[in-house]
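The structure appears right after this line, and notes come after that.
Just so it is clear: chains get the letters A, B, ... in the order the sequence lines come, proteins before strands, and each one is counted from 1. Computed from a predicted model, the values in this text were never measured in an experiment.
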2 protein chains.
Amino acid sequence: MPKTPPQCPMDSILRLLMGPWTTYIIWVLSDQGPQRFGALKRAVPGISTRMLTERLRMLQSAGVIWREQAETIPPAVTYGLTPRGNDLRGVLDTLGHIAERWKDEGVFADDELGTV
Amino acid sequence: MPKTPPQCPMDSILRLLMGPWTTYIIWVLSDQGPQRFGALKRAVPGISTRMLTERLRMLQSAGVIWREQAETIPPAVTYGLTPRGNDLRGVLDTLGHIAERWKDEGVFADDELGTV
DNA sequence: TAAAGTAGGTACGGAAAAGTAACTACCCTT
DNA sequence: AAGGGTAGTTACTTTTCCGTACCTACTTTA
């Protein structure tokens with residue numbers, strides 16, 4: 001993203017969440033609790049390993065998620081929302097209600113749903 | 001973004017809002033009301049004309065924003081939130097409060113703010 | 001036995017997305 | 001006259017992301 005000085009807190013949080021898959025990952029962790037890397041990857045259909053890795057690093061760096069690495073073979077790394085990340089729960093809940101309303105309104109492409 | 005079948009309404013809305021600048025644009029329209037293209041571009045620091053154009057087309061297509069073109073030279077096009085787009089107001093308000101809290105916690109890079 | 005599977009990554013070449021600069025045609029201001 | 005404004009569009013360049021292959025050390029399957 002472009003390097004511009006933040007204008008206000010809202011600008012900063014929007015830029016933080018703006019990157020691809022960011023909100024989606026947060027939602028999965030919020031909805032399903034702490035997840036291993038592979039489970040997280042499966043819960044976010046379409047995300048690539050490299051994107052998941054990078055997003056998780058960013059979110060961890062921002063203090064939104066925690067990362068716990070077990071000393072095992074094969075490696076087992078678990079990710080979860082920090083208390084700070086939990087701040088976003090309400091937002092995601094509201095978004096979920098809106099999503100259901102929008103679905104009823106036919107906002108999301110019906111043709112793909114129709115074929116499922 | 002990848003072409004995967006939506007899993008649920010939340011998946012769909014997250015994908016809709018996932019694209020770069022999307023939420024930012026919606027917030028500006030929510031916060032400041034209907035805007036002309038140029039004003040919108042100035043209100044979203046760092047966005048390019050091509051990205052703003054593309055995002056606006058997408059949001060219009062999704063029924064989140066409206067577009068009103070005046071028959072003038074030079075062209076004057078105004079964009080605003082539809083009633084559906086207004087659904088997101090509460091979410092953005094909440095996000096704003098969280099942003100202020102996170103700012104106090106030092107989540108956003110302080111060094112840039114310090115030099116402003 | 002060899003191959004496949006498990007986990008969470010990393011490296012690489014290519015495709016896709018985004019950035020950048022120039023341009024449009026008209027009107028208004030300096 | 002030059003410059004600024006309007007909302008884009010286009011062509012080229014740069015950056016980002018994807019898909020694939022690979023890594024480790026162990027277990028399971030054919």
Spacing of B:Leu52 atom CG relative to D:dT9 atom C1', expressed in whole Å: 14 Å
A:Thr49 vs A:Pro75, nearer the 5' end of DNA chain D by closest nucleotide: A:Thr49
Touch class at under 4.0 angstrom, heavy-atom based, for B:Ser48 against every strand present: base
Nearest-angstrom distance from the residue atom CD1 of A:Ile25 to P of C:dG8: 14 Å
Shortest non-hydrogen separation from B:Arg55 to B:Gly19 and the atoms involved: NH1-CA, 3.2 Å
Nearest-Å distance for atom pair CZ/C1', residues B:Arg50 and D:dT13: 11 Å
Atom pair distance, as rounded to whole Å: CZ in B:Phe37 and P in D:dT6: 11 Å
Check: B:Thr82 side chain, B:Gly63 main-chain N or O, donor-acceptor pair, under 3.5 Å: yes
Value in whole Å for how far the C1' atom of D:dT9 lies from CD of B:Gln69: 14 Å
Atom-to-atom span, OH of B:Tyr79 to P of D:dA7 - whole angstrom: 8 Å
Nearest-Å distance for atom pair CD/C1', residues A:Glu68 and C:dG8: 15 Å
From D:dA7, C:dA7, C:dG9, nucleotide with atom closest to B:Arg36 side chain: D:dA7
Same apolar cluster (I L V M F W Y, side chains within < 4.5 Å links), A:Ile47/B:Met18: yes
Closest nucleotide among D:dG8, D:dT6, D:dC18 to the A:Met51 side chain: D:dC18
Taking every non-hydrogen atom, the tightest pair across B:Ala43 and B:Tyr24: O-CE2, 3.9 Å
Sugar-phosphate only, base, or nothing, as touched by A:Arg55 at under 4.0 Å among non-hydrogen atoms: nothing
Nucleotide nearest B:Arg67 (side chain, heavy atoms from C-beta), chosen from C:dG9, D:dA7, D:dT9: D:dA7
Separation of atom CH2 in A:Trp21 from atom C1' in C:dA17, rounded to whole Å: 14 Å
Stepwise salt bridge (charged side-chain N to carboxylate O under 4.0 Å, His left out) check, A:Asp11 with A:Arg15: CA-CA 6 Å; A:Asp11 176 280; A:Arg15 289 179 193 274; 2.8 Å; yes
